[in-house]
Amino acid sequence: MENKKELRTWLDNMKLAHPLVIAGPCSAETEEQVLKIAHQLKDTDATVLRAGIWKPRTRPGNFEGVGALGLKWMQRAKEETGMLLTTEVANANHVEHALKHDIDILWIGARTTVSPFIVQEIADALKGTDKPVLIKNPVNPDLSLWLGAVERFHSADVKNLGVIHRGFSTYEKTRYRNNPEWQIAIDLQNRFPDLPLILDPSHIAGRRDIIFDLCQTALDLNYDGLMVETHYDPDNAWSDAKQQIKPEVLDQMTVDLKIREEESEAVEFQNKLSTARTKIDVIDHQLIEMLGKRMKISDDIGRLKKANNVAVLQTKRWNEILGKMILQGEDQNLSEEFILKVFKAIHQESINHQEIVYKK
Ligand code: PEP
Ligand code: MN
């Protein structure tokens, strides 16, 4: 991936606006639905129409897509509105159909990115074409798997690449359907600054009310685009009903989102500062979440100690923790003094938590 610049240019070559807005339903349902939504979107900032034709569902028994038939409906939508088209491909056969129907951009779904064999099969099927491909992050939080997929396409000579951040599944219940784990996307962006990075807030959120905030965070982190599931009747959508928004909501959202422009040096400074601050906000948020999780475990230990009539303070264990953390801190360039302060405060909070458990 020596020639990073070339990965970027297809967005410019296709004269796609910054940020690129991709919108459309989770799934193509009927010809009327695809045409209706395309006409509603054509006067918004969305320049690319998305619709899933083959739907990977985690569990069987849900709507699995209309299949290749839907590609004709999409083509018609393009003829009538001028919007570009994108759909998900999950095997070589899908690629063949999509190429035949002149789909402009292909995307690789999160459940496909996890499988090197299938990624290779799709990359081979695209060899020698200049079709842009957007690779969603794998379902599990593994940066190398995501990068591996990018590398497989790149090695197959598919050079017009980009990535879509759609969040990562967790066993724990969080406010998100898929945890954003912004840090993983930021790491990828740091390694490949010219690889277009697009946010899919819909699959991260799993609900409508936090889509805007997710998009704003992404723009503050200098993402290149957004892919937002949009339906004129979200509640009755055949898939992902809870997370789709209406075209008019998307339209208002793109007005309200603050998009930073790169003009003067002062603006560039402000942009860099604000990007760095957003990164810090993301990490601070993670710190609080981690501390919260740590205290919940402390509560469990408190209950255990109480049941077994063991004292809250265990000096030996505490000194072991401190020793380990000081050593780990050194590796991260953190002073012993700082580590002592932080861990004493954490320890005190743990003791307070356990004392509350004891008193109950
Ligand atoms: C989709 O975009 O509708 C979809 C199935 O996405 P993901 O692969 O991110 O789950
Ligand atoms: Mn969906």
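These numbers come from a predicted model, not from an experiment. Just so you know, ligand 1 is whichever comes first in the structure, and atom 1 is the first atom listed for that ligand.
- Close approach of ligand 1 to Cys26 (heavy-atom distance below 4.0 Å) involves ligand atoms 3 (O).
- The closest approach between Gly52 and ligand 1 stays at or above 4.0 Å for every heavy atom of the residue.
- The two residues Thr86 and Ile105 make their nearest non-hydrogen contact at OG1-O, 2.8 Å.
- The protein heavy atom nearest to atom 4 (C) of ligand 1 is His203 NE2, 3.4 Å.
- Side-chain atoms of His165 and Glu181 include no donor-acceptor pair closer than 3.5 Å.
- The shortest N or O to N or O distance between Ala110 and ligand 1 is below 3.5 Å.
- Between the OG atom in Ser202 and the CG atom in Leu226 there is a gap of 9.5 Å [rounded to 0.5 Å].
- With respect to Glu320 and Lys324, no salt bridge is recorded, no charged nitrogen being found less than 4.0 Å from a carboxylate O.
- Distances from the Mn ion (ligand 2) to each N, O or S atom of Asp240 single out OD2 as the nearest.
- For ligand 1, the atoms lying closer than 4.0 Å to a non-hydrogen atom of Glu229 are 1 (C), 3 (O).
- The N, O or S atom of Glu229 lying closest to the Mn ion (ligand 2) is OE2.
- Salt bridge annotation for Lys293-Glu172: present, with a cationic side-chain nitrogen under 4.0 angstrom from a carboxylate oxygen.
- Using modelled atom types, one finds a donor on one side chain and an acceptor on the other under 3.5 Å when comparing Thr275 with Asn222.
- Nearest-residue assignment for atom 3 (O) of ligand 1 (options Arg111, Gln244, Lys55; heavy-atom criterion): Lys55.
- Our summary of the site lists the angle at the Mn ion (ligand 2) between NE2 of His203 and SG of Cys26 as 170°, to the nearest 10 degrees.
- Distances between N or O atoms of Arg50 and those of ligand 1 include at least one value under 3.5 Å.
- Using modelled atom types and a 3.5 Å distance limit, the side chains of Asp240 and Gln244 yield no donor-acceptor pair.
- Heavy-atom proximity to Gly109, at under 4.0 Å, picks out these atoms of ligand 1: 8 (O).
- Some N or O of Arg166 is nearer than 3.5 Å to an N or O of ligand 1, by distance alone.
- Looking only at distances, a side-chain donor or acceptor of Asn62 sits under 3.5 Å from a matching main-chain atom of Arg59.
- In terms of heavy-atom proximity, Phe153 sits nearest to Ile135 at CD1-CD1, 3.6 Å.
- Among protein heavy atoms, atom 6 (O) of ligand 1 sits closest to Lys136 NZ, 2.9 Å.
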